[in-house]
Amino acid sequence: MTRRTGRRPGNPDTRESILDAARAAFAERGFDAAPIRGIAAAAGVDPALVHHYFGSKDQLFLAAMNFPVDPGAVLPGVLAGDRDGVGERLVRTFVGIWDSPAGSAGVALLRSAVSNEWTARLLREFITTQVLRRVLDQLDVDPAELPLRGSLVATQLVGLAMIRYVVRMEPVASADPDTLVAAIGPTIQRYVTGELPT
């Protein structure tokens with residue numbers, strides 16, 4: 001009998017075990033409080049294996065969410081340019097992603113979050129840590145105001161996603177992206193940089 005040489009193939013269940021452990025940790029603790037070491041321990045693997053499969057904690061979170069677009073890759077475009085155009089650029093980017101084939105994963109996630117608390121927690125963490133924090137941290141905003149500003153922005157984006165892609169209410173469902181940018185962008189801009197109620 002001849003021994004095989006070369007690298008031993010990985011266990012096909014290892015990647016899924018890591019993802020299961022990551023989903024549970026992110027849902028229970030949130031993104032910031034879920035350490036890679038803890039996720040690795042829950043999956044029964046070495047932390048180096050988590051990095052081997054997923055690279056960074058952000059990439060692990062994206063894989064756990066099964067979302068096909070990396071906010072870290074698209075948000076620099078939202079932040080490029082003057083501060084007064086962030087609202088419109090954010091809406092344009094959001095609609096561009098959700099109108100693309102990648103948007104179907106977002107629709108599935110949103111539908112699941114409405115009926116499943118565990119998925120709702122993951123979606124909340126995703127929106128907060130991967131999208132809103134990345135945008136608001138780059139703007140000159142009082143840190144004490146970030147949670148309220150971020151939540152207000154989320155009301156518009158999640159509401160737009162629900163009406164356009166899940167409920168499909170007309171005329172928003174078939175509106176031209178420029179119309180949505182013109183209508184919703186200024187509201188998001190006010191939430192990001194405008195005066196907040198005292």
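The figures here come from the full heavy-atom set of this structure, side chains too, leaving out hydrogens, waters and symmetry mates.
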Let me have the donor-acceptor pairs involving side chains of residues 138-145, under 3.5 Å, with sequence neighbours excluded, atom names and distances please.
unit_1: D142; atom_1: OD1; unit_2: A144; atom_2: N; d: 3.0
unit_1: E145; atom_1: OE1; unit_2: R149; atom_2: NE; d: 3.0
unit_1: E145; atom_1: OE1; unit_2: R149; atom_2: NH2; d: 2.8

V135 side chain near V153 side chain, heavy-atom distance below 4.5 Å
no
Separation of R89 CZ from D84 CG (nearest 0.5 Å)
9.0 Å
State, to 0.1 Å, how close A21 and I39 come at their nearest heavy-atom pair, and which atoms those are.
CB-O, 3.6 Å
Between S104 and P101, which heavy-atom pair has the shortest distance, and what is it?
OG-O, 3.0 Å
If we ignore hydrogens and angles and just use 3.5 Å, is the side chain of K57 paired with the main-chain N or O of H51 as donor and acceptor?
no
Which pair of heavy atoms, one from A102 and one from V69, lies closest together, and at what distance?
CB-CG2, 3.7 Å
Evaluate L90 against L157 for side-chain contact (heavy atoms from CB on, under 4.5 Å), listing each step before the verdict.
CA-CA 9 Å; L90 185 57; L157 295 180; 4.1 Å; yes
Evaluate the side-chain contact (heavy atoms from CB on, under 4.5 Å) criterion for residues L60 and L19: first the C-alpha distance (whole Å), next the side-chain angles of each, then the deciding distance (0.1 Å), finally the verdict.
CA-CA 8 Å; L60 173 61; L19 286 173; 4.2 Å; yes
Indicate the ring-plane relationship of F31 and F26, choosing parallel, tilted or perpendicular according to the 30° and 60° boundaries.
parallel
Should L152 and T187 count as side-chain neighbours, where that means a heavy-atom distance under 4.5 Å?
no
Donor-acceptor pair, S112 side chain versus A108 backbone, under 3.5 Å?
no
Flag the pair F54 / L62 as yes when at least one side-chain heavy-atom distance between them is below 4.5 Å, and no otherwise.
no
Hey, are the side chains of P35 and R29 touching, using non-hydrogen atoms and a 4.5 Å cut-off?
yes
Are more than 12 heavy atoms, taken from residues, nucleotides or ligands other than R37, located less than 6.0 Å from that residue's CZ atom?
no
Can we say E117 and R121 salt-bridge, meaning some charged N sits less than 4.0 Å from an Asp/Glu carboxylate O?
yes
Any idea which heavy atoms bring R15 and A63 closest together, and the distance?
NH2-CB, 4.5 Å
How long is the straight-line distance from OG of S174 back to CE of M169, given to the nearest 0.5 Å?
12.5 Å
Student check: side-chain heavy atoms of V86 and T193 closer than 4.5 Å
no
Just do the side-chain contact (heavy atoms from CB on, under 4.5 Å) check on L146 and D137 with the steps written out, would you?
CA-CA 8 Å; L146 291 180; D137 280 352; 3.6 Å; yes
Looking at side-chain heavy atoms only, is the closest gap between V158 and L123 below 4.5 Å?
no
Measure across D99 and P177 and return the closest heavy-atom pair with its distance rounded to 0.1 Å.
OD2-CG, 4.0 Å
Here's a test for you: under side chain to side chain contact (heavy atoms under 4.5 Å, CB included), which of T155, L148, L136 qualifies with Y191?
T155
Start with the C-alpha distance between E170 and R164, add both sets of side-chain angles, then the distance that settles salt bridge (Lys or Arg N to Asp or Glu O under 4.0 Å), and finish with yes or no.
CA-CA 8 Å; E170 294 294 352; R164 184 170 171 89; over 6 Å; no
Could you walk me through whether Y165 and L110 pass side-chain contact (heavy atoms from CB on, under 4.5 Å), step by step?
CA-CA 10 Å; Y165 304 102; L110 195 55; over 6 Å; no
In Å and rounded to the nearest 0.5 Å, what is the CZ to CG distance from R190 to L196?
9.0 Å
So, E125 and R133, do they make that salt bridge, N to O below 4.0 Å?
no
Which residue is it: I184, D178, L160? I am looking for the one with a side chain to side chain contact (heavy atoms under 4.5 Å, CB included) to V95.
L160
Does some side-chain heavy atom of R23 sit less than 4.5 Å from a side-chain heavy atom of W118?
yes
Any salt bridge linking D58 with R134? Criterion: basic side-chain nitrogen under 4.0 Å from a carboxylate oxygen.
yes
Can you see which heavy atom on F61 is nearest to which on L122, and at what distance?
CZ-O, 3.8 Å
Among side-chain atoms of Q59 and D70, is any donor-acceptor pair under 3.5 angstrom?
yes
Determine whether V172 and V167 make a side-chain contact, defined as any pair of heavy atoms from C-beta on separated by less than 4.5 Å.
no
